[in-house]
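Data first, discussion second: the structure below is written as structure tokens.
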2 protein chains.
Amino acid sequence: MGTISKALELLNYFTKARPLIGLSDLARLAELNKATCFRLLTELADNGFVEQIGTSREYRLGPSVLRLAALREAQVPTREAAMPVLQVLAQQTGETAHLSLLIADILRPLAHAYSAAHATKVMLEDTEALPFHATSSGLAVLAFQPEAFRNRILAQPLPRLTTSTETVPAALRACINEVRALGYAESRGGYESDVHSMAVPLFDALGRCSGALAVAALGSRMGEAQRRKIRHALLQAGTEITTLWGGTLPADIATLWRLAA
Amino acid sequence: MGTISKALELLNYFTKARPLIGLSDLARLAELNKATCFRLLTELADNGFVEQIGTSREYRLGPSVLRLAALREAQVPTREAAMPVLQVLAQQTGETAHLSLLIADILRPLAHAYSAAHATKVMLEDTEALPFHATSSGLAVLAFQPEAFRNRILAQPLPRLTTSTETVPAALRACINEVRALGYAESRGGYESDVHSMAVPLFDALGRCSGALAVAALGSRMGEAQRRKIRHALLQAGTEITTLWGGTLPADIATLWRLAA
DNA sequence: GCTTTCGGTTTGTTATTTGAACCGATGGTT
DNA sequence: AACCATCGGTTCAAATAACAAACCGAAAGC
């Protein structure tokens, strides 16, 4: 791995749950030599990608990312365009809606919207990456990636997160085929035991699946009527976001979604 | 300069006016060998900081920056917090308000708001960096930096952008002293000949000046009454944003602003 | 006051980065 | 159709920057 990747990877250790990291900590997390980590950090800091917080000497993400993100959104309004649709989706279904993006082989939540309908809801403030094998979003994305990508993911260790987590590659491939046949994915407690979720893939302008849109509900609220409602809202919102992104649904998905709607 | 800085600097060449850049172009812009540039770009692409646009093979900013920016805003709500204040400022003054951040020794516009009051307004869609010596924002920031920083900037070439641009370091130092004495900066056509602007410095939680807030007006509309109005609105908005940032105004500035308000 | 850990620095060794030349493909010009 | 320039991308010896371990002084815990 090159130096640049190492430096950029450092940025990934900053999370909502852990916004400040000290040099030694970060070196340990990234499994780097302290001197190396220091050099990487100072160079990142020189460019405004991290900054040091006065007294404690810890590091946090810097202001450079703001400018770049504003630029990216201006050119490809990803988050901004999806946000209102996400909110409507949460409100329509009464559950938590969230959108994830496939970035460098990792599926990362980018935005979410909560519903006020229930006192209990699925929270995902601190989720940093969604496991492909254990979430509906993961399966939805996996189903529409090149075979090589799927193989790479399924060859990795697939941790059993709950008693319901499917961890057998062959079984997961069967799930994935089903996702392709249905046009959406479903997970019943595969990630957290009492969370039931449904997801649809999202496509970019080149027809590649670049993310997923999901609704995560408490398992106890997930009756057949609710599933139908969620599926319907999800397919509609998925179409909408893909359109807003200037994306194109693969013909078969477009057909499936139209029939189900 | 290290490899990381070279790579991160590549990201700076993407602008609103130039969102897509080809390999050879970028290599020329950054004055890098094409092979080097290619390696940097692929590593950036591996991490989602740039991506290649299908057919044309040009590069653009990638989705990674979105995630990082969302994280940064969650911890330090810079842009989001300032935006509404900026809009009010534009509306109150009837002119263009903009906010810039000091990032790695460069003053970069981060957000702006236009007023609907006049058919003619100052646009700054494509501005990527504000020269310190020729803009009110630049002078406002410069006035509250460590002496070493000022020296560094004033030792660089100071291009004459208009006939009104002040380019003599000694004269600029006098201007800067005046800015410190007044608590705000002013530029009359130093950047663009028919644009007159006023700016105040913004401070972070450690009392360091980390940016500037400015109102840019057409010179023809800048009478004494308008100047007073802008100054008043600017000082108020500057106080507000600094507060929202959890920042602290230096005691002397706080006094100056209170007296002028 | 002892020990650990912190952020940061120094050093010689090592491995990565670099840049000129080179590809095949593409697209305009004559 | 022959030509030429330029594109994105690749190769490989030479140069340079990254690396790990040991070391600092300062602060914190005990």
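In what follows, chains carry the letters A, B, and so on, assigned in the order in which the sequence lines appear, proteins first and then strands, with residues in each chain numbered from 1. Here the structure is a predicted model, which is why all the values come from computation and not from measurement.
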Fill in: Salt-bridge criterion met for B/Arg60 and B/Glu51 (N-O under 4.0 Å)
yes
Response to the item:
Separation of C/dG8 atom P from A/Leu44 atom CG, nearest Å, is 14 Å
Worksheet item: Are B/Lys6 and B/Glu9 within salt-bridge range, i.e. N to O under 4.0 Å?
Response: no
Worksheet item: Excluding sequence neighbours, so at least two apart, what forms side-chain contact (heavy atoms from CB on, under 4.5 Å) with B/Ser136?
Response: B/Ala185, B/Ser187, B/Ser197, B/Ala199, B/Ala214
Practice prompt. Look at all strands and tell whether B/Arg39 reaches a base, only sugar-phosphate, or nothing, counting heavy atoms closer than 4.0 Å.
Written response: base
Item to complete: Kindly say if A/Tyr59 contacts the phosphate of C/dG8, meaning a side-chain N or O under 4.0 Å from OP1 or OP2.
Response: yes
Response to the item:
Rounded to whole Å, the CD1-P distance (A/Ile4 to C/dT17) equals 7 Å
Worksheet entry | Spacing of A/Leu40 atom CG relative to C/dT9 atom P, expressed in whole Å | 14 Å
Item to complete: Check whether any side-chain nitrogen or oxygen of A/Thr3 sits under 4.0 Å from OP1 or OP2 of C/dT17, and answer yes or no.
Response: yes
Worksheet item: Using 4.0 Å as the upper bound for N to carboxylate O, is an ion pair formed by A/Glu147 and A/Arg152?
Response: no
Practice prompt. Between protein and nucleotides 20-30 of chain D, map the contacts as a letter string: B base, S sugar-phosphate only, - none, heavy atoms under 4.0 Å, written 5' to 3'.
Written response: BB---------
Discussion item. Just the rounded figure in Å: distance from C1' of C/dG8 to CD of A/Glu43.
Written reply: 16 Å
Discussion item. Just the rounded figure in Å: distance from C1' of C/dC6 to CD of A/Glu58.
Written reply: 11 Å
Practice prompt. Run the ring-centre check on A/Tyr59 versus A/Phe14 and record whether the distance is less than 6.0 Å.
Written response: no
Worksheet, complete the sentence: Distance col, row B/Leu101:CG vs B/Ser137:OG, nearest 0.5 angstrom, shows 11.0 Å
Discussion item. Rounding to an integer number of Å, can you tell me how far A/Leu20 CG sits from C/dG7 P?
Written reply: 12 Å
Discussion item. OP1 or OP2 of C/dC6 versus the side-chain N and O atoms of A/Gln52: is any pair under 4.0 Å?
Written reply: no
Worksheet item: Quick one: which of C/dT9, D/dC19, D/dA18 gets closest to the side chain of A/Phe38?
Response: C/dT9
Response to the item:
the helix from C/dG1-D/dC30 to C/dT30-D/dA1: angle between terminal helix axes, five bp per end, to the nearest 10 degrees, reads 40°
Worksheet item: Below 6.0 angstrom between ring centroids: does that apply to B/Phe132 and B/Phe149?
Response: yes
Response to the item:
Within residues 23-31 of chain B, the residues having a heavy atom closer than 4.0 Å to DNA chain D are B/Leu23, B/Ser24, B/Arg28
Could you tabulate the donor-acceptor pairs under 3.5 Å formed by side-chain atoms of residues 17-33 of chain A, not counting sequence neighbours?
residue	atom	partner	partner atom	Å
A/Asp25	OD1	A/Arg28	NH2	2.8
A/Asn33	OD1	A/Ala35	N	2.7

Response to the item:
Sorted by chain and residue number, the side-chain contact (heavy atoms from CB on, under 4.5 Å) partners of A/Asn177 (sequence neighbours excluded) come out as A/Arg180
Discussion item. Could you check whether atom CD of B/Glu80 has more than 12 heavy atoms from other residues, nucleotides or ligands sitting under 6.0 Å from it?
Written reply: no
Practice prompt. Check the pair A/Thr165 / A/Thr162 against side chain to side chain donor-acceptor pair (under 3.5 Å), numbers first and verdict last.
Written response: CA-CA 5 Å; A/Thr165 310; A/Thr162 74; 3.3 Å; yes
